[in-house]
Amino acid sequence: MMRVRFAPSPTGQLHVGNARTALFNWLLAHGRDGTFILRIEDTDAERSTRESEAGILDDLRWLGLDWDEGPDVGGQHGPYRQSERLHLYASYANELLSGQHAYSCFCTSTRLDADRQADLAAGRPPRYHGHCRGLSRAEAQARIDAGERPVVRFRVPQGIEVRFRDLVRGEVIFNTDVIGDFVIVRSDSRPQYNFAVVVDDALMEVSHVIRGEDHISNTPRQILLYRALGFAPPEFAHLSLVMGPDHTPLSKRHGATSVTEFRVRGYLPEALVNYLALIGWSPRGAAPEQAEQDELLPIDELARRFRIEAVGHSAGIFDPEKLAWMNRHYMKAAAPSRLAAEALRYFTARGFITRRTDAAMDYLVSLLPMAVGSVDRLEEIADRVRFVFQFDPAASLASPEVLGVLEEPGAHDVVAALAEELASAGRLDRETFRAAAGRVRERTGQKGRALFHPIRVVLTGEAGGPELDLAVPAIERGAELPASSGVARVTGCRERARLFAAAVGVRSA
RNA sequence: GUCCCCAUCGUCCAGAGGCCCAGGACGUGGCCCUUUCAAGGCCAAAACACGGGUUCGAAUCCCGUUGGGGACGCCA
């Protein structure tokens, strides 16, 4: 039975690199009918918070990475928060202590620092010098009784090779000469990372440890711990890291790095999941018969094709452009009602929709065709149709693009003629708008771009945007909505033409 | 500094000795479509880091160099 786990420490938001690690674990579990465990590594009381734990759980759920065992759902191997497992670590630490696999260390940080500096200066790998290695338990106990607070160090057998077969990298060998006796219990008696992880993974019967490459050098330490504790080590797989475009670890200055940020900016979870799965892995190798459609795949299909052995060895660079492309794809594929529900918050944030009502949602859905397909993110949908809700000729006239349109020969004639034609027109739909545009063409002699570009500017206040055939009816429908609909007031086309003509100061010919 | 990992188009991948003067996707450029901006369609440019081996034959195997990344904590 395959059992995998994702073990974040709740010290901030879920980073996309870690989300990818979680995803690979999830894919492996789901492709093989395994169990996915969520464990919270909150032994660092200083930095761990319940808020970030909740945030991480939220982000994982949003991504669709559900877990079978975890702090909120429980399971047969709980508790699933390290802070609630302290008694277990204490018990195993004592076992190691009495078996001479570990010893108390009273070295001061000053001394440790000095040793480290000396090692570095001499070109040796910095490691614990072993001052307290020979201390007897009686001596140690005496010092503890005298009030000293030691750490517990694991006695690393020197001069041996620790090797393991990494599922993605193959055989990896470390010599213990480069590993010093490391701390397993801190002076305040909280467990140190490597120790807690081994106790937990063993007790939780984790069969495959899949984690970031930054943990590869922890692996020999952990294997040594497994042996000393009498546990069988699991399989290991180390995923290469995700970097920024400049080949440095993905960080804030590269833009959005946390799942929350992508969510807030209007990415769809299936897009992020699909994109993340493709960093360091390709579904293609698994099903070469399907050359087509081998990148855009739903999470279940990804799981079906996923093979940990096929994961790449080299670091991947996070490419926001490709993510944007995928998001565009998934927005086009999404049901309009869902898209409207997801995009609603951006409309309310901008004051375009003041209250969620059926009428408002229907109207939002009707606006979607003007934006979906041409924008990358949900947030941009609202920006793309902004002209519907905001119409201010004076502000538009401050735009160089708009001014440029109006400077075209005959543009003013079109503005004037349109205002007149619309003054007598009723509610415009696609057909009546076209008819009106036709009359303006006849009156001014302008056609094509010279005709429609000024019309666009007059009616939308912008030099670019969705097709007028769509935009005009959308404005008109909005203008008819009562205030009780929850949709902000929309200025109708006739009014727009009048206001714009006045602002430009054109007179009818 | 020491140890570990890595190395195919700008980016993500395919390629598990001959199928490759290297294939797909994003991005880029051009063309088409078009009343605008996008979107969409078509086409194009673009890579096996370098040097040695092994082999009839290497992007694929081995060694080295260079480059990149990671680790070396009472952080995880």
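Note that this is a predicted model, so its numbers are computed, not measured. Chain naming here is simple, since letters A, B, ... match the order of the sequence lines and numbering starts at 1 in each. Because only heavy atoms are used, hydrogens play no part in the values below, and waters and symmetry mates are left out as well, while side chains stay in.
Within the 4.0 angstrom heavy-atom criterion, no nucleotide atom of any strand lies near A:Met326. Residue-level contact check: A:Ser217 touches the backbone only, with heavy atoms under 4.0 Å from sugar-phosphate atoms and none from bases. Heavy atoms of A:Asn218 sit under 4.0 angstrom from at least one base atom. Backbone-only contact: A:Ile173 has heavy atoms under 4.0 Å from sugar-phosphate atoms and none from a base. When heavy atoms are screened at a 4.0 angstrom cut-off, A:Gly465 is found touching base atoms of the nucleic acid. A:Glu462 comes within 4.0 angstrom of no nucleic acid atom, judged by non-hydrogen atoms across all strands. Using a 4.0 Å heavy-atom distance criterion, A:Gly280 is classed as a sugar-phosphate-only contact. The residue A:Pro249 sits close only to the backbone: its heavy atoms come under 4.0 Å of sugar-phosphate atoms, none of a base. Within 4.0 Å (heavy atoms only), A:Tyr193 reaches at least one base atom of the nucleic acid. As judged by a 4.0 angstrom heavy-atom cut-off over every strand, A:His215 is placed among the base-contacting residues. Among the atoms of the strands shown, base atoms are found under 4.0 Å from some heavy atom of A:Arg456. Looking at heavy-atom distances under 4.0 Å, A:Val183 makes contact with sugar-phosphate atoms alone, never a base.
To the nearest whole angstrom, the two P atoms, one in B:rC12 and one in B:rA49, are 14 Å apart. Distance check on atom P: B:rA25 versus B:rC33 gives 24 Å, rounded to whole Å. The C1' atoms of B:rA22 and B:rG15 are separated by 8 Å, rounded to the nearest whole Å. Here the separation of B:rG73 from B:rG18, taken at their P atoms, is 46 Å to the nearest Å. One P atom belongs to B:rC4, the other to B:rA59, and the distance between them is 29 Å to the nearest Å. Between the C1' atoms of B:rA7 and B:rU65, the separation comes to 13 Å (whole Å). Between B:rC56 and B:rA14, the distance separating the two C1' atoms is 27 Å to the nearest Å. The gap from the P atom of B:rA46 to that of B:rA38 amounts to 27 Å, rounded to the nearest Å.
With B:rC26, B:rU35, B:rA38 as the choices, the nucleotide that has an atom nearest any side-chain atom of A:Asp469 turns out to be B:rU35. Taking every side-chain heavy atom of A:Asp44 into account, B:rA76 is the closest of B:rU11, B:rA76, B:rC5. Nearest nucleotide to the A:Phe452 side chain, out of B:rC12, B:rU35, B:rC26: B:rU35. For A:Glu213, counting side-chain heavy atoms from C-beta on, the closest listed nucleotide (B:rG69, B:rA71, B:rG1) is B:rG69. Taking the side chain of A:Leu278 as heavy atoms from C-beta on, and the options B:rC4, B:rC6, B:rC12, the nearest nucleotide is B:rC12. When the nucleotides B:rG70, B:rC74, B:rA14 are ranked by their closest atom to the side chain of A:Leu241, B:rG70 comes out on top. Here B:rA76 is the nucleotide among B:rA76, B:rA7, B:rA25 with the atom lying nearest to any side-chain atom of A:Thr43. Comparing B:rC5, B:rC3, B:rU11 against the side chain of A:Val172 picks out B:rC5 as the nearest. Taking the side chain of A:Asp319 as heavy atoms from C-beta on, and the options B:rC26, B:rU2, B:rA39, the nearest nucleotide is B:rC26. Nearest to the side-chain atoms of A:Lys332 among the listed nucleotides B:rG40, B:rU35, B:rA71 stands B:rG40.
Using Watson-Crick or G-U wobble geometry with both donor-acceptor distances under 3.5 Å, B:rU2 finds its partner in B:rA71. Pairing of B:rU28, defined by two Watson-Crick or G-U wobble distances under 3.5 Å, is identified with B:rA44. Shown here, B:rA39 forms no base pair; nothing in the strands shown gives a Watson-Crick or G-U wobble contact with both key distances under 3.5 Å. Pairing of B:rC50, defined by two Watson-Crick or G-U wobble distances under 3.5 Å, is identified with B:rG64. Base-pair partner of B:rA59: not found among the strands shown (Watson-Crick or G-U wobble, both distances under 3.5 Å). Nucleotide B:rA14: unpaired (no Watson-Crick or G-U wobble partner with both distances less than 3.5 Å).
Heavy-atom contacts from other residues, nucleotides or ligands closer than 6.0 Å to CZ of A:Arg149 number 12 or fewer.
Here the P atom of nucleotide B:rC13 and the CH2 atom of A:Trp325 are 15 Å apart, to the nearest Å. Across the protein-nucleic acid pair, A:His131 atom NE2 and B:rC74 atom P stand 13 Å apart, rounded to whole Å. Spacing between atom NE2 of A:His238 and atom C1' of B:rC3 amounts to 15 Å, rounded to whole angstrom units. One interatomic measurement links the two molecules: CE of A:Met243 to C1' of B:rG67, which rounds to 13 Å at whole-angstrom precision. Atom-to-atom, CD of A:Glu380 to P of B:rA38 comes out at 13 Å; the value is rounded to the nearest Å.
Side chains of A:Ser91 and A:Asn94: a donor-acceptor N/O pair is absent below 3.5 angstrom, by distance only. If you check the side chains of A:Glu401 and A:Ser399, you find a donor sitting under 3.5 Å from an acceptor. A donor atom on one side chain and an acceptor atom on the other are found under 3.5 Å apart for A:His238 and A:Arg211. With hydrogens and angles left out, the side-chain atoms of A:Asp200 and A:Tyr89 include a donor and acceptor closer than 3.5 Å.
Judged by distance alone with a 3.5 Å cut-off, no donor-acceptor contact links the side chain of A:Arg124 to the base of B:rU2. Not a single donor-acceptor contact under 3.5 angstrom links the side-chain atoms of A:Gln192 to the base of B:rG73. In the interface, the side chain of A:Asp294 is not paired with the base of B:rA14 through any donor and acceptor atom under 3.5 Å apart. Side-chain atoms of A:Arg384 come within donor-acceptor range of the base of B:rC37, with a qualifying N/O pair under 3.5 Å. For A:Lys322 against B:rA25, a side-chain N or O and a base N or O form a donor-acceptor pair under 3.5 Å. A donor N or O paired with an acceptor N or O is found under 3.5 Å between the base of B:rC74 and the side-chain atoms of A:Ser187.
When the side-chain nitrogen and oxygen atoms of A:Arg328 are compared with OP1 and OP2 of B:rG27, one or more of them lie within a distance under 4.0 Å. An OP1 or OP2 oxygen of B:rC74 is reached within less than 4.0 angstrom by a side-chain nitrogen or oxygen of A:Arg153.
Comparing A:Cys105 and A:Pro466 against RNA chain B, the residue whose closest nucleotide sits nearer the 5' end is A:Pro466. Each of A:Ala7 and A:Ile317 was assigned the nucleotide of RNA chain B with the nearest heavy atom; the assignment lying further toward the 5' end belongs to A:Ile317.
Salt-bridge annotation for A:Arg133 and A:Asp181: present, with a side-chain N of the basic residue lying under 4.0 Å from a carboxylate O of the acidic one. Using a 4.0 Å cut-off between charged nitrogen and carboxylate oxygen, A:Glu442 and A:Arg439 do not count as a salt-bridge pair. Note on A:Asp376 versus A:Arg265: no salt bridge recorded, every NZ/NE/NH1/NH2 to OD/OE distance being 4.0 Å or above.
To the nearest 0.5 angstrom, A:Met370 atom CE is 10.5 Å from A:Leu468 atom CG.
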Give the intermediate values and the outcome of side-chain hydrogen bond (donor to acceptor under 3.5 Å, both in side chains) for residues A:His215 and A:Tyr193. CA-CA 11 Å; A:His215 287 296; A:Tyr193 169 75; 3.1 Å; yes
